[in-house]
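One structure is given here, and the rest of the page talks about it.
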Amino acid sequence: MCEGVRVDQDWEDRVAALWDRFDDYAETEEDEARFRSDVGALVAELPEGSPHGPFEQACAWDSTGRSDKAVPLYQEALGLGLADVSPYKARRTKIQLASSLRNVGRAEEGVALLTPELVAPSDELDDAVRACLALCLSSLGRDREALALALGALAPHLPRYQRSMANYARLLVEPGQHPGA
């Protein structure tokens, strides 16, 4: 990936500041369009071919309730090599893309996208991976698997019962096992 697709800290700070003000935009179509336009203005500063542009645009569409517009942009960001310039943002993209795919009735694609993330190097996004994957699984009628993922993600954060909850999560998906209701 060429150096020209990387972004500087000033640009990242301005993007973060815009997202920090997201709640200041009312939930009207006009304000949502203005927010997307503000994101677009920042994206216009990027060099052609930067994967950061479609990523930020996808986030803006997604955050304003338009998963249908976000899906192709998330896919474009990944296709342009977002993982090469920001593995963290690439993982975020996979999580958000899976959620958007679920929202547009393509939950199976979300499951396929996130399942490999269960064995990816661990980071602060692990629980988000599991939560979104659980939603995709539930949308497909695979509620036991979804509940197992949710319990497994929650267990380490409990002040007590971590081992019990982890075992219950495991038993939900092991063949022939039916823990008490």
Side-chain angles (χ1 to χ4, degrees), residues 12 15-16 18-23 25 27 32 35-36 39 51-52 54-79 82-83 86-175 177-181:
E12 289 281 4
V15 168
L18 179 59
W19 281 103
D20 286 345
R21 294 188 313 273
F22 178 70
D23 288 336
Y25 291 81
E27 291 185 27
E32 290 173 348
F35 177 76
R36 290 189 302 266
V39 169
H52 295 282
F55 168 75
E56 293 298 339
Q57 289 175 312
C59 293
W61 280 109
D62 215 0
S63 296
T64 57
R66 294 298 306 269
S67 294
D68 59 321
K69 299 281 190 182
V71 166
L73 291 165
Y74 285 135
Q75 292 169 327
E76 181 182 351
L78 291 171
L82 186 59
S86 178
Y88 180 80
K89 280 188 181 178
R91 194 162 197 222
R92 280 185 52 203
T93 300
K94 290 176 186 178
I95 293 164
Q96 292 166 210
L97 173 55
S99 177
S100 292
L101 288 166
R102 175 186 166 269
N103 290 341
V104 298
R106 296 164 51 190
E108 190 66 50
E109 292 176 56
V111 170
L113 186 64
L114 287 183
T115 299
E117 292 298 312
L118 293 174
V119 295
S122 184
D123 64 19
E124 68 186 43
L125 297 173
D126 290 350
D127 291 341
V129 166
R130 284 167 175 75
C132 188
L133 181 53
L135 286 169
C136 288
L137 289 167
S138 182
S139 291
L140 295 170
R142 295 164 60 181
D143 293 328
R144 289 179 72 85
E145 290 173 78
L147 179 58
L149 272 172
L151 284 176
L154 178 62
H157 304 287
L158 299 173
R160 299 185 54 95
Y161 314 110
Q162 296 94 346
R163 185 175 175 176
S164 296
M165 289 302 131
N167 283 332
Y168 290 140
R170 181 181 48 78
L171 291 172
L172 280 167
V173 292
E174 282 187 358
Q177 299 295 318
H178 301 283

Exercise. Mind checking the CG-CZ spacing from Leu97 to Arg106? Nearest 0.5 Å is all I need.
Key: 8.0 Å
Exercise. Could you list the residues that satisfy side-chain contact (heavy atoms from CB on, under 4.5 Å) with Glu117, not counting sequence neighbours?
Key: Arg91, Lys94, Leu114, Ala120, Val129
Self-check item: Ser86 (side chain) donor-acceptor with Leu82 (main chain) under 3.5 angstrom
Solution: no
Exercise. Would you check if Glu145 and Leu172 make a side-chain contact, meaning some heavy-atom pair closer than 4.5 Å?
Key: no
Quiz item: Of the non-hydrogen atoms in Gly152 and Ala169, which two are nearest, and what is the gap between them?
Solution: N-CB, 3.8 Å
Quiz item: Taking atom CG of Leu125 and atom CZ of Arg130, what is their separation to the nearest 0.5 Å?
Solution: 11.5 Å
Practice problem: Give a yes or no on this: more than 12 heavy atoms of other residues, nucleotides or ligands lie within 6.0 Å of atom CZ of Phe22. | Solution: yes
Quiz item: Which atoms form the tightest heavy-atom contact between Ala112 and Pro116, and what is the distance?
Solution: O-CD, 3.2 Å
Quiz item: About how many Å separate CG of Leu140 and CG of Leu135, when rounded to the nearest 0.5 Å?
Solution: 11.0 Å
Practice problem: List the atom of Leu78, the atom of Ala90, and the distance in Å for their closest heavy-atom pair. | Solution: CD2-O, 4.0 Å
Exercise. Under the side chain to side chain contact (heavy atoms under 4.5 Å, CB included) rule, what do Asp143 and Leu137 come out as? Steps first, then yes or no, please.
Key: CA-CA 6 Å; Asp143 293 328; Leu137 289 167; over 6 Å; no
Quiz item: CG/Asp62 to CG/Leu73 distance, rounded to the nearest 0.5 angstrom?
Solution: 10.0 Å
Self-check item: Arg102 (side chain) donor-acceptor with Ser139 (main chain) under 3.5 angstrom
Solution: no
Quiz item: Taking C-beta and beyond as the side chain, do Val15 and His52 meet within less than 4.5 Å on heavy atoms?
Solution: no
Quiz item: How long is the span from the CG atom in Leu113 to the OG atom in Ser99, to the nearest 0.5 Å?
Solution: 11.0 Å
Quiz item: How many angstroms lie between atom CZ of Arg160 and atom CE of Met165, to the nearest 0.5 angstrom?
Solution: 11.5 Å
Quiz item: Within a strict 4.5 Å, meaning less than it, do heavy atoms of the Tyr25 and Leu18 side chains meet?
Solution: yes
Quiz prompt | Any donor-acceptor pair under 3.5 Å from Arg36 side chain to Ala60 backbone | solution = no
Practice problem: Determine the minimum heavy-atom distance between Ser100 and Val71, stating which atoms define it. | Solution: CB-CG2, 3.7 Å
Quiz item: With a 4.5 Å limit on heavy-atom distance, are the side chains of Lys89 and Glu56 in contact?
Solution: yes
Practice problem: Apply side chain to side chain contact (heavy atoms under 4.5 Å, CB included) to Leu149 and Leu118, showing your working. | Solution: CA-CA 10 Å; Leu149 272 172; Leu118 293 174; 4.1 Å; yes
Exercise. Write down the atom of Ala98, the atom of Cys136, and the distance for their closest heavy-atom approach.
Key: O-SG, 3.7 Å
Practice problem: For salt bridge (Lys or Arg N to Asp or Glu O under 4.0 Å), just list the numbers for Glu124 and Arg92, CA-CA rounded to whole Å, side-chain angles, deciding distance to a tenth of an Å, and then say yes or no. | Solution: CA-CA 10 Å; Glu124 68 186 43; Arg92 280 185 52 203; over 6 Å; no
Quiz item: Any donor and acceptor pair, going by atom type alone, linking the side chain of Glu76 with main-chain N or O of Pro72 inside 3.5 Å?
Solution: no
Self-check item: Heavy-atom side-chain contact between Leu101 and Tyr74 under 4.5 Å
Solution: no
Practice problem: Kindly indicate, with the supporting measurements, whether the criterion side chain to side chain contact (heavy atoms under 4.5 Å, CB included) is fulfilled by Trp19 and Cys59. | Solution: CA-CA 10 Å; Trp19 281 103; Cys59 293; 3.5 Å; yes
Quiz item: What's the shortest heavy-atom distance between Pro51 and Pro54, and which atoms?
Solution: O-CD, 3.4 Å
